[in-house]
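Accompanying notes for the structure given below.
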Amino acid sequence: MPIAKDSYGKIFDLLERHHSWFRENLPLIASENVPSPAVREAIVSDFGNRYAEGWPGQRVYAGCTYIDEVETLCADLARRVFKAEFADVRPISGVCANLSVYSAFTTPGDLMLALAIPNGGHISSGRMNFSGTAGLVHGLQIEYFAFDSVEMNIDVEKTKTKIKKLIDDGKSPKMAMFGGSLFLFPQPIRELVDFLKSYDILVCYDSAHVSGLIAGGQFQDPLREGAEVMTLSTHKTFFGPQGGIVLSRDKYSEEIKKAVFPGNTSNHHLHTVAGKAVALAETLRFGSEYARQVIRNAKELASSLHNMGIRVLGEKNGFTSSHQVVMDVTTQGDGGSFEKELERANVIVNRQLIPGDISAGRHYLHPGGIRIGTQEVTRLGMKELEMKEIAEFIGRVVLKHEKAKIVKKDVKTFRESYQKIHFAFDTKEEAYKYIRIR
Ligand SMILES: *Cc1c(COP(=O)(O)O)cnc(C)c1O
């Protein structure tokens with residue numbers, strides 16, 4: 001009895017403490033965001049307790065009258081926002097969206113092209129021996145795009161040479177997965193699409209990180225540039241609940257539907273489908289303004305850090321055209337230690353493998369980089385001036401080795417005036433308000 005009651009109380013205590021902390025810190029993880037109060041309302045609804053296997057109108061379960069309408073609306077909005085012929089909004093995460101695409105278009109043993117992890121690749125398109133999803137779960141072989149770490153982008157000519165060599169050796173790639181997790185600049189889809197298609201390589205684009213920027217029309221537009229299929233996470237630059245979506249040309253719709261259900265989902269987290277629909281509506285109205293400010297903020301943060309003497313990747317091309325800023329902290333220390341120290345100062349970032357780390361003997365616990373994203377603080381209403389202040393906080397830890405406790409006090413004071421969500425229809429409640437309905 002006491003254990004049950006104690007644990008029960010403790011869970012809520014910890015949840016509330018988390019909320020208080022996030023009211024006072026700088027949330028700069030590039031793969032996270034804060035949804036609007038409207039999205040949060042949708043995701044505590046009863047939709048989250050139901051099943052709706054199948055497609056709207058053809059469900060395996062009863063009780064889906066309103067669920068069907070919301071899901072249909074959600075898919076309509078997704079097609080409109082991303083100008084896509086087909087949308088499947090059921091994948092429960094970006095990884096699940098990618099797995100659905102792998103299973104729709106490849107069979108185990110096939111070869112896929114993707115980015116290597118230190119060059120920005122995500123573990124969901126990784127090799128079996130790194131427990132990458134593509135290799136481990138679907139048995140894909142992975143070869144890497146050639147990468148230019150000065151341009152911080154795929155090297156078009158070297159990639160072509162590599163593919164020709166693979167084909168000469170009897171190893172024809174089946175699919176090319178563009179996109180990545182360390183993602184500063186639009187990738188050369190246009191430059192590679194004809195070449196890839198001439199060898200029957202399906203062109204896919206994993207927009208997990210940049211889907212909010214694409215939705216706002218401020219990054220590249222993969223489906224216009226030649227990608228046939230695009231996957232997304234709905235909670236990084238796109239400010240919805242945690243989840244995934246697959247978009248494609250119409251001719252692939254049947255294969256994708258089957259791969260999502262029954263292939264890769266059973267229940268598909270219907271509360272998040274409602275949340276995705278709300279976020280898509282918000283994006284339709286506010287998405288372009290939001291995405292523009294996110295990128296402006298990233299550029300300002302990058303140049304402020306650079307001017308303070310921190311090495312920032314992508315200098316040759318103006319540091320960034322996305323929400324991300326990546327610092328190389330190898331002259332000051334390492335990414336793992338700074339991640340911890342910055343957290344003590346209430347600055348929440350993550351360490352990042354960067355090009356050159358593996359050959360220099362650095363690994364993911366203590367890599368050379370720190371990755372920063374500006375999307376969440378942009379949602380809190382911060383602009384270029386605030387980015388200069390954030391750069392100062394980071395510099396005080398990374399360059400001046402000031403005591404974290406002192407920096408933390410100033411971060412808390414700074415954060416007080418940024419509590420409301422911007423770029424949303426309803427903004428009455430504070431972004432990190434803890435809502436009690438017990
Ligand atoms: C984050 C990410 C994913 C996985 O998304 P989840 O929604 O966390 O499953 C897939 N691909 C890339 C490139 C990512 O950065």
Side-chain angles (χ1 to χ4, degrees), residues 31 52-56 58 70-107 110 112 114 122 124-125 133-134 137-138 140 174-181 189 201-215 219-238 240-270 272-277 279-280 283:
S31 56
E53 286 177 347
W55 200 248
Q58 309 158 23
V70 170
E71 189 170 312
T72 302
L73 190 53
C74 185
D76 285 349
L77 285 164
R79 288 200 304 270
R80 186 184 293 257
V81 165
F82 292 98
K83 302 185 208 73
E85 290 177 14
F86 172 73
D88 193 325
V89 298
R90 297 172 300 172
I92 58 171
S93 67
V95 167
C96 175
N98 284 348
L99 257 179
S100 302
V101 169
Y102 304 153
S103 30
F105 303 108
T106 65
T107 42
D110 282 348
M112 177 171 83
H122 185 257
S124 62
S125 51
T133 314
V137 185
H138 197 57
L140 291 181
K174 196 73 179 283
M175 176 188 285
M177 186 59 106
F178 287 86
S181 301
I189 305 176
I201 301 171
L202 186 74
V203 180
C204 300
Y205 186 99
D206 177 348
S207 74
H209 261 272
V210 293
S211 52
L213 309 178
I214 292 171
F219 200 61
Q220 66 188 140
D221 191 355
L223 295 174
R224 248 55 55 200
E225 291 164 25
E228 303 279 312
V229 180
M230 181 163 116
T231 59
L232 41 148
S233 292
T234 50
H235 49 269
K236 298 185 181 183
T237 51
F238 188 82
Q242 291 188 329
I245 295 179
V246 181
L247 305 168
S248 75
R249 314 235 272 129
D250 239 344
K251 63 177 176 185
Y252 303 114
S253 62
E254 289 312 314
E255 283 132 297
I256 291 170
K257 280 184 191 174
K258 279 187 285 185
V260 173
F261 172 79
N264 285 281
T265 57
S266 169
N267 84 63
H268 56 279
H269 301 186
L270 307 164
T272 69
V273 172
K276 288 170 193 174
L280 284 161
T283 298

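Heads up: numbering here begins at 1 and tracks the sequence.
Contacts of F261 classified as ring-ring contact (aromatic ring centres under 6.0 Å, His included), with partners at least two apart in sequence or in another chain: none. For the ring-ring contact (aromatic ring centres under 6.0 Å, His included) test, no residue two or more places apart in sequence or in another chain qualifies with Y205. The salt bridge (charged side-chain N to carboxylate O under 4.0 Å, His left out) search around E225 returns none, not counting sequence neighbours. For E85, there are no salt bridge (charged side-chain N to carboxylate O under 4.0 Å, His left out) partners, not counting sequence neighbours. Every side-chain contact (heavy atoms from CB on, under 4.5 Å) that S93 has, sequence neighbours left out, goes to V95, C96. A search for side chain to side chain donor-acceptor pair (under 3.5 Å) contacts involving E228 returns K197, R249, Y252, not counting sequence neighbours. Listed by chain and residue number, D76 satisfy the salt bridge (charged side-chain N to carboxylate O under 4.0 Å, His left out) test with R79 (two or more places apart in sequence, or in another chain). Residues forming a side chain to side chain donor-acceptor pair (under 3.5 Å) with T107 (at least two apart in sequence, or on another chain): D110. Every residue two or more places apart in sequence or in another chain was checked for a side chain to side chain donor-acceptor pair (under 3.5 Å) with S31, and none qualifies. For S100, the side chain to side chain donor-acceptor pair (under 3.5 Å) criterion is met by no residue, not counting sequence neighbours. With sequence neighbours excluded, the residues forming a side-chain contact (heavy atoms from CB on, under 4.5 Å) with A52 are R59, C64, I67, H268, L270, listed by chain and number. Listed by chain and residue number, nothing satisfies the ring-ring contact (aromatic ring centres under 6.0 Å, His included) test with F82 (two or more places apart in sequence, or in another chain).
I214 and S207 make their closest contact through CD1-CB, 3.8 Å (heavy atoms, listed as atom of the first residue, atom of the second, distance). Across H235 and P241, no two heavy atoms sit closer than the pair CB-O, 3.7 Å. Considering every non-hydrogen atom in both T234 and Q242, the closest pair reads OG1-C, 3.8 Å. Across S248 and I256, no two heavy atoms sit closer than the pair OG-CD1, 3.4 Å. Shortest non-hydrogen contact noted between R90 and G54 is NH1-O, 2.9 Å. In terms of heavy-atom proximity, N98 sits nearest to M177 at OD1-CE, 3.6 Å.
Remark: Y102 OH to T231 OG1 distance equals 7.5 Å, nearest 0.5 Å. N264 contributes atom CG, which lies 4.0 Å from atom OG of S103 (distance to the nearest 0.5 angstrom). Taking CD1 of I245 as the start and CD1 of I92 as the end, the distance is 14.0 Å to the nearest 0.5 Å. The NZ atom of K174 lies 10.5 Å from the CZ atom of F105; values are rounded to the nearest 0.5 Å. Here CD of E53 is found 7.5 Å from CG of N267. Values are rounded to the nearest 0.5 Å. If you take CE on M230 and CZ on F178, they are separated by 14.0 Å, rounding to the nearest 0.5 Å.
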- With side chain to side chain contact (heavy atoms under 4.5 Å, CB included) as the test, would you mind laying out the steps for H138 and T106 before giving the verdict? CA-CA 9 Å; H138 197 57; T106 65; 3.2 Å; yes
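Atom CD of Q220 sits in a crowded spot, with more than 12 heavy atoms from other residues, nucleotides or ligands closer than 6.0 Å.
In terms of modelled atom types and a separation under 3.5 Å, the side chain of K276 and the main chain of A75 share no donor-acceptor contact. Under the 3.5 Å distance criterion, the side-chain polar atoms of S211 are matched with a main-chain donor or acceptor of S233. Proximity of a side-chain donor or acceptor of T265 to a complementary backbone N or O of V260 within less than 3.5 Å is detected.
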